[in-house]
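First the structure, in the form of structure tokens, and then the observations on it.
Each residue takes its place number in the sequence, starting with 1.
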Amino acid sequence: MENDKLFGIHAFAARLRADRAGVLASNLANADTPNYKARDIDFSGLMEQVRGERLGLAKTATAHLPVAASGDTGELAYRVPLQPSLDGNTVDAHVEHAEFAENAFHYQSTLSFLDSRIKGLIKALRGE
């Protein structure tokens with residue numbers, strides 16, 4: 001993970017949140033497309049994998065599961081619909097809007113943290 005010492009896990013989280021926003025927007029854009037299957041990124045699962053990498057976890061036996069690369073956003077998972085539709089579309093606009101809003105809130109929070117971190121580094125470099 002680049003810039004790991006400066007920004008920690010937050011730089012990866014920002015990229016992952018941006019990727020997730022794109023996936024959720026695609027779901028919303030295809031809400032009326034027959035047979036479209038809603039997808040999502042398992043943000044929590046990928047963050048746990050990255051945290052495990054940062055702790056130095058390693059595969060020491062063949063029975064262990066591999067740890068994903070830190071730049072890997074993982075495979076998209078299909079969202080399980082709350083109510084099936086007749087045309088085969090699994091997008092629930094209310095769920096997608098809620099997920100998109102929550103993701104946007106967390107994305108903005110991550111950007112705010114990174115912004116304050118960068119401002120702190122600039123102050124340190126200037127000797128303020």
Side-chain angles (χ1 to χ4, degrees):
M1 196 177 335
E2 65 274 355
N3 298 327
D4 189 52
K5 292 188 186 332
L6 292 176
F7 304 116
I9 201 166
H10 299 286
F12 177 73
R15 280 193 308 271
L16 193 56
R17 290 273 180 211
D19 290 347
R20 186 168 187 240
V23 171
L24 295 172
S26 179
N27 288 346
L28 285 167
N30 287 289
D32 296 324
T33 304
N35 294 316
Y36 182 82
K37 307 300 181 209
R39 314 276 310 256
D40 201 354
I41 293 175
D42 180 12
F43 181 84
S44 298
L46 288 170
M47 292 303 288
E48 285 300 319
Q49 284 181 338
V50 171
R51 284 186 191 112
E53 286 179 18
R54 294 186 73 219
L55 293 174
L57 299 179
K59 185 176 175 179
T60 57
T62 57
H64 290 170
L65 296 175
V67 178
S70 60
D72 184 16
T73 57
E75 291 196 25
L76 295 176
Y78 289 101
R79 188 182 305 285
V80 177
L82 298 174
Q83 183 175 358
S85 66
L86 295 175
D87 67 356
N89 186 306
T90 63
V91 176
D92 183 344
H94 297 294
V95 171
E96 299 301 327
H97 280 290
E99 291 290 333
F100 189 87
E102 181 183 4
N103 188 65
F105 171 77
H106 290 295
Y107 180 65
Q108 187 62 44
S109 298
T110 301
L111 291 180
S112 294
F113 176 82
L114 289 170
D115 181 57
S116 66
R117 179 74 174 138
I118 291 168
K119 285 178 181 174
L121 291 170
I122 290 171
K123 279 185 174 183
L125 290 172
R126 289 183 180 159
E128 297 176 2

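Note that CD of Glu48 and CG of Asp42 are 10.0 Å apart. Values are rounded to the nearest 0.5 Å. Here the CG atom belonging to Leu16 is positioned 11.5 Å from the OH atom belonging to Tyr107, to the nearest 0.5 angstrom. The CZ atom of Arg15 sits 8.5 Å away from the CG atom of Asp19 when rounded to the nearest 0.5 Å. For the atom pair Glu96 CD and Leu28 CG, the distance stands at 5.5 Å (nearest 0.5 Å). Rounding to the nearest 0.5 Å places CE of Met47 at 8.0 Å from CZ of Arg17.
The shortest non-hydrogen separation linking Ala38 to Val91 is CB-CG2, 3.9 Å. Taking every heavy atom of both residues into account, His10 and Thr110 meet most closely at O-CG2, 3.4 Å. Of all heavy-atom pairs spanning Leu114 and Ala14, the tightest one is CD1-CB, 4.1 Å.
Note on Leu76 and Val50: same hydrophobic cluster, where clusters join Ile, Leu, Val, Met, Phe, Trp and Tyr whose side-chain heavy atoms are under 4.5 Å apart, directly or indirectly. Put simply, Phe43 and Val23 are part of the same group of oily side chains (I, L, V, M, F, W, Y) that touch within less than 4.5 Å, one to the next. Cluster membership for Ile122 and Phe7, using ILVMFWY side-chain heavy atoms within less than 4.5 angstrom, is shared. Following chains of ILVMFWY side-chain contacts shorter than 4.5 Å, one cannot reach Leu111 starting from Phe100, and the two form parts of different hydrophobic clusters.
Looking at Ser109 and Phe105, their side chains come closer than 4.5 Å, going by heavy atoms from C-beta outward. Using a 4.5 Å heavy-atom cutoff, the side chains of Thr90 and Arg79 are not in contact. Contact check for Gln83 versus Asp92: no side-chain heavy atoms found under the 4.5 Å cut-off. Between Asp87 and Asn35, every side-chain heavy-atom pair lies at or beyond the 4.5 Å cut-off.
Applying the salt bridge (Lys or Arg N to Asp or Glu O under 4.0 Å) test to Asp115 and every residue at least two apart in sequence or in another chain returns Lys119.
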Report the C-alpha distance between Leu24 and Asn27 in whole Å, list the side-chain angles of each, state the deciding distance to 0.1 Å, and finish with yes or no for side chain to side chain contact (heavy atoms under 4.5 Å, CB included).
-> CA-CA 5 Å; Leu24 295 172; Asn27 288 346; 4.2 Å; yes
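Judged purely by distance below 3.5 Å, without hydrogens or angles, the side chains of Ser85 and Tyr36 never pair a donor atom with an acceptor atom.
Side-chain atoms of Asn103 do not come within 3.5 Å of backbone N or O of Glu99 as any donor-acceptor pair. Under a 3.5 Å cut-off, the side chain of Asn30 and the backbone N or O of Asn89 do not form any donor-acceptor pair.
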